[in-house]
Amino acid sequence: MNNFRYHAYTDIRFGKGQVKCLTELVAPYGKNVLMVYGGGSIKKNGLYQQVKELLSDFNVYELPGVEPNPKIESVRTGVALCKDKNIDVVLAVGGGSTIDAAKVIAGGATYDGDPWDLVTDNKKIGKVLPIVTILTLAATGSEMNKNAVISNMETNEKLGTSSHDFIPQASICDPEYLYSLPAVQTAAGTADIMSHIFEQYFQKETGAYITDRYSESVLKTCIKYCPIALKEPDNYEARANLMWASTQALNSILSCGKGGAWTCHPIEHELSAYYDITHGVGLAIVTPRWMRYILSDATVDRFCEYGKNVWDITAEDKYECANMAIDATEKFFKDCGIPMTLTEIGIDDSKIDIMAEDTIKYNAMDRAYVALDKEDVKKILMACL
Ligand code: NZQ
Ligand code: ZN
């Protein structure tokens, strides 16, 4: 098992009605609040009104309209508001995109240059304003992690940045907010949760037994509860388990003792950078193709272990077992209603070369579970068409 740092930092308030804690969570940081949110889902489901009432004694300024795959322009607007209104605390109300934008806004508030610098070079991140979140989508884990992913469509760049100070001070996670999610977001969010686990589980280090068993149990949770949430959107047990799975999948507990670079996320980020697609959909399409591409004598035991422990596969032959596990993964995403080819989401082969090149340019693919070069990424993307 590798050395690791695990610092549980975020004050999580999980469960029905936890929004009642909002005032208590925001108050220690000051009166001037920047409320960041997306395209309007929180107005439709009543959360916006609730937040405004709870914060009626605060000076609440608003940044609405943060896009899925949040754009740097929204971040710039938020930073300008922070500087102009002397903001004390940034409150993100929404999914991963809103929370990620809030993080870079909170960092940009004390930075003199263009906040895009903080995305391309995280060493430039200095003081970060306190961040509180109200999560409305189970997917990214941004509510309890140090990452933010921002897109610059002018340059076709979707890049991740991170800082320990981006970890939210507190996050309210009420599974009832997930009831209003469109089915595709429930499914894509689950694919994202599972992909976060795969990125950490399929790594060279094999001695982190406890972490691997924990990962398998979070994967099983997704497989059990996503179909239930899709059938019964207001099934509390399903939503609650998915919501906690999303937080656990990427709050660094599932990388304790592990290491190495990620694979499917870097490839998906290029798909989003060029085509602005839903993150989890891209991951669901890429993942089974990547799994098949890297299946070899060096990886077959790991895939078979995954098949046995997650899918209860009993095949004796290890290649048969591994292939059955990969097929089960693909079928699961398909059965959740995710389009499973790039063609279905309007992507052809015209930009595969540049996307493969950028995947290698921006990521340490040589340190991945199985090292990939540009030609490998091209072949995986071609298999996704
Ligand atoms: O904008 P609104 O109107 O709120 O609608 C959103 C949006 O259209 C909607 N939605 C969210 N909660 C809802 C809801 N609709 C109805 N009811 C609700 N309760 O869902 C749509 C997608 O929202 P978004 O925030 O974009 O989704 P998600 O949470 O999947 O975030 C995706 C972004 O996070 C990045 C992705 O790359 C992408 O940019 N990631 C962030 C990570 C992190 N910070 O650690 C890691 C991930 O791997 C990922 O890269
Ligand atoms: Zn992700």
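When a ligand or atom number is given, it counts from 1 through the structure's own listing order.
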**Prompt:** Is the closest N or O pair between G141 and ligand 1 shorter than 3.5 Å?
**Reply:**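 No: no nitrogen or oxygen of G141 is under 3.5 Å from one in ligand 1.
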
**Request:** Please check if a non-hydrogen protein atom sits closer than 4.0 Å to atom 6 (C) of ligand 1.
**Result:**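 When distances to the protein are checked, atom 6 (C) of ligand 1 has no heavy atom within 4.0 Å.
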
Give me the residue, atom name and distance of the protein heavy atom closest to [atom].
{"atom": "atom 24 (P) of ligand 1", "answer": "S97 OG, 3.4 Å"}
{"atom": "atom 34 (O) of ligand 1", "answer": "T140 CG2, 3.3 Å"}
{"atom": "atom 28 (P) of ligand 1", "answer": "G96 N, 3.6 Å"}
{"atom": "atom 16 (C) of ligand 1", "answer": "S180 O, 3.3 Å"}
{"atom": "atom 44 (N) of ligand 1", "answer": "D100 OD1, 2.8 Å"}

May I ask you to identify, for [X], whether its side chain, its backbone, both or neither come under 4.0 Å of ligand 1 on a heavy-atom basis?
{"X": "L250", "result": "side chain"}
{"X": "N147", "result": "both"}
{"X": "E67", "result": "neither"}
{"X": "I42", "result": "neither"}
{"X": "L181", "result": "both"}
{"X": "P182", "result": "side chain"}

**Asked** Among Q185, E199, M144, K146, whose heavy atom sits nearest atom 22 (C) of ligand 1?
**Response**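 That would be Q185.
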
**Asked** Got a sec: is D192 within less than 2.8 Å of the Zn ion (ligand 2) via an N/O/S atom?
**Response**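 Short answer: yes, at least one N, O or S atom is under the cut-off.
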
Distance in Å, [X] [atom1] paired with [Y] [atom2], rounded so as to fall on 0.5 Å steps:
{"X": "Y179", "Y": "D174", "atom1": "OH", "atom2": "CG", "value": "8.0 Å"}
{"X": "S215", "Y": "K220", "atom1": "OG", "atom2": "NZ", "value": "13.5 Å"}
{"X": "R213", "Y": "Y201", "atom1": "CZ", "atom2": "OH", "value": "5.5 Å"}

**Request:** Consider ligand 1: state whether an atom of it lies below 4.0 angstrom from any non-hydrogen atom of H196.
**Result:**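 Judged by the 4.0 Å heavy-atom criterion, H196 does count as contacting ligand 1.
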
